[in-house]
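Here is how names work: the chains are called A, B, and so on, in the same order as the sequence lines, proteins then strands, and each is numbered from 1. What you see is a predicted model; the values in this text were computed from it and never measured.
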Number of protein chains: 2
Amino acid sequence: MPKKALSQYAILGLLCWKPMSGYDIKKLVEVGLSFFWNVSYGQIFPVLNKLVAEGWATKHADPASGGRGRVAYEVTTKGRKAFKTWLGEPSGLPQLRDELKLKFFLTSRSGTADGVRLLEEYGVQQREHLAMLKESEVVLRVALSQAEMPDELLELRQALGWDDQPDTHDHANELLVFYLTLRSGVLVAEARVAWVDEVLPILKAGKIPRQKSSKETK
Amino acid sequence: MPKKALSQYAILGLLCWKPMSGYDIKKLVEVGLSFFWNVSYGQIFPVLNKLVAEGWATKHADPASGGRGRVAYEVTTKGRKAFKTWLGEPSGLPQLRDELKLKFFLTSRSGTADGVRLLEEYGVQQREHLAMLKESEVVLRVALSQAEMPDELLELRQALGWDDQPDTHDHANELLVFYLTLRSGVLVAEARVAWVDEVLPILKAGKIPRQKSSKETK
DNA sequence: TTGCAACCTATCTAAAAGATATATCGTAAC
DNA sequence: GTTACGATATATCTTTTAGATAGGTTGCAA
């Protein structure tokens with residue numbers, strides 16, 4: 001068997017948090033992981049079936065919740081063990097597919113006009129993305145620094161699916177890890193913005209200035 | 001037709017540089033693009049056939065080069081036009097699949113021990129990757145700042161396929177763009193290292209220090 | 001009572017990744 | 001000289017992933 005099947009473990013890991021439906025998983029990934037991981041419905045349902053087939057999860061049709069055909073999946077002890085094993089295995093480098101950087105690279109033979117335009121587009125896109133991440137960051141910092149719970153946090157708890165078990169678990173570490181992960185998104189987006197700011201003048205000038213940027217004095 | 005088929009344009013864009021074989025394309029991507037884009041043989045050959053079928057490229061069996069069954073693909077005027085069109089179309093956000101960050105995020109319910117280990121692993125991995133990129137950066141800076149050509153640059157020219165046409169084209173802008181693109185890899189890798197350095201102490205302490213990092217004074 | 005938006009499970013097709021099959025050439029060991 | 005091996009090179013196979021969409025239910029508003 002030649003593949004990695006990482007999405008399988010991503011979904012298994014989410015089920016270790018609590019039993020979920022396919023739709024829950026999709027939403028949770030969109031809210032919390034989308035800037036470093038994604039899953040599509042085309043993966044989720046085949047994977048869920050596979051997990052059940054391998055005995056890593058069980059499937060419960062839950063007619064209680066409104067009569068809708070809601071199907072919840074719950075991880076088994078065997079599944080939990082498989083997840084733990086995966087955590088200990090070596091991991092590959094981050095894989096990236098950056099459309100604008102690709103375009104930028106490919107224009108190098110056709111003069112600098114296209115390159116300048118693409119860089120500017122990249123700057124706009126990344127600043128926008130960064131602003132979005134920073135908004136979430138503020139909400140999370142508030143949540144972490146004070147005991148009472150503002151409205152935004154209630155919303156966040158709901159999005160994360162923490163609105164179910166009021167006092168059994170305080171979610172303190174989850175909240176912290178979520179914040180720390182988000183920080184990585186912020187730092188990387190800032191780096192991409194900084195790249196545009198550094199590189200755009202160079203491309204316009206056609207050459208690298210003698211004095212490099214100040215932070216180069218490491 | 002529901003898909004993006006970005007690799008198609010990546011390969012088309014490379015063919016706009018000069019006629020190449022599938023193997024050439026693979027090598028070139030590995031040398032120059034691998035930290036923000038990748039293609040596999042499983043994409044290259046189907047795409048090349050498709051390009052020919054659409055009239056965007058022509059296929060030449062080239063028996064001159066040693067009698068080997070070398071097959072070169074050359075872009076057509078129609079293909080060049082299609083590439084230009086694609087350059088002007090809107091681009092999506094960078095798509096990332098970061099295995100270690102995924103693992104880190106998923107461990108938030110099982111205490112901090114796994115998280116600390118994973119972060120340390122991430123730091124090692126990214127520092128290593130950064131060192132590699134910085135080596136290439138030095139070579140490129142040398143190449144850009146002086147007229148004469150050191151041995152490393154000859155090697156680089158060869159890897160990029162610039163060892164063919166000695167004086168017809170000076171490749172100055174390609175070299176510059178290649179350097180600028182590489183800078184983005186360096187800045188992002190530095191951001192990831194910085195993330196680990198910021199986040200690891202917080203996770204160990206279990207809480208965010210009152211005073212955030214100095215650069216927060218934007 | 002119709003219409004429609006949000007919710008939810010699920011599948012279909014195309015694109016991409018990774019391993020591997022196949023064949024040629026150069027060269028070094030036997 | 002011929003056999004073995006590694007590098008070059010084209011290509012395909014299978015699995016995994018992405019994106020669009022199908023199809024059904026529920027709640028609500030016109």
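- Taking the charged nitrogens against the carboxylate oxygens, A:D114 and B:K84 do have a contact shorter than 4.0 Å, which makes a salt bridge.
- Salt-bridge formation is detected for the pair A:K134/A:E190: a Lys NZ or Arg NE/NH1/NH2 atom is positioned less than 4.0 Å from an Asp or Glu carboxylate oxygen.
- A sub-4.0 Å separation between OP1 or OP2 of C:dT9 and a side-chain N or O of A:S21 is present.
- Whole-Å rounding puts the B:L6 CG to D:dA18 C1' distance at 11 Å.
- B:F105 has its ring centre less than 6.0 Å from the ring centre of A:F178.
- Side-chain contact between B:K59 and B:L48 is absent, with no heavy-atom pair separated by less than 4.5 Å.
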Extract all donor-acceptor atom pairs below 3.5 Å that involve side chains of residues 50-57 of chain B and protein atoms in other chains or at least two apart in sequence.
unit_1: B:E54; atom_1: OE2; unit_2: B:Q8; atom_2: NE2; d: 3.2

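- Qualifying ring pair (Phe, Tyr, Trp, His ring centres under 6.0 Å) partners for A:F104, counting only residues two or more places apart in sequence or in other chains: A:W195.
- Between B:K103 and B:R117 the shortest side-chain heavy-atom distance does not fall below 4.5 Å.
- Across the protein-nucleic acid pair, B:H60 atom NE2 and D:dT10 atom C1' stand 17 Å apart, rounded to whole Å.
- Side chains of B:L130 and B:V186 form a contact here, defined as non-hydrogen atoms less than 4.5 Å apart.
- Checking C:dA16, D:dT8, D:dT17 against the side-chain heavy atoms of B:Y23 singles out D:dT8 as nearest.
- We find that CD of A:Q8 is positioned 8 Å from P of D:dT16, with the value rounded to whole Å.
- Taking the side chain of A:A5 as heavy atoms from C-beta on, and the options C:dC8, C:dA15, D:dT16, the nearest nucleotide is D:dT16.
- Applying the side-chain hydrogen bond (donor to acceptor under 3.5 Å, both in side chains) test to pairs two or more places apart or on separate chains, those with a residue in residues 122-133 of chain A are A:D98-A:Y122, A:Q126-A:R192, A:R127-A:D197.
- Listed in residue order, the members of residues 92-103 of chain B having a heavy atom less than 4.0 Å from DNA chain D are B:R97.
- One interatomic measurement links the two molecules: OH of A:Y73 to C1' of C:dA10, which rounds to 9 Å at whole-angstrom precision.
- Ring-plane geometry between B:Y23 and B:Y41 is classed as parallel, the angle between the planes falling under 30 degrees on a 0 to 90 degree scale with a further cut at 60.
- Listed by residue number, A:Y41, A:G42, A:F45 are the residues of residues 37-58 of chain A with a heavy-atom contact under 4.0 Å to DNA chain C.
- Here A:L106 contributes atom CG and B:W86 contributes atom CH2; the two are 6.0 Å apart, rounded to the nearest 0.5 Å.
- DNA chain D contains the following stems of three or more consecutive Watson-Crick or G-U pairs, with both distances under 3.5 Å: C:1-30 with D:1-30.
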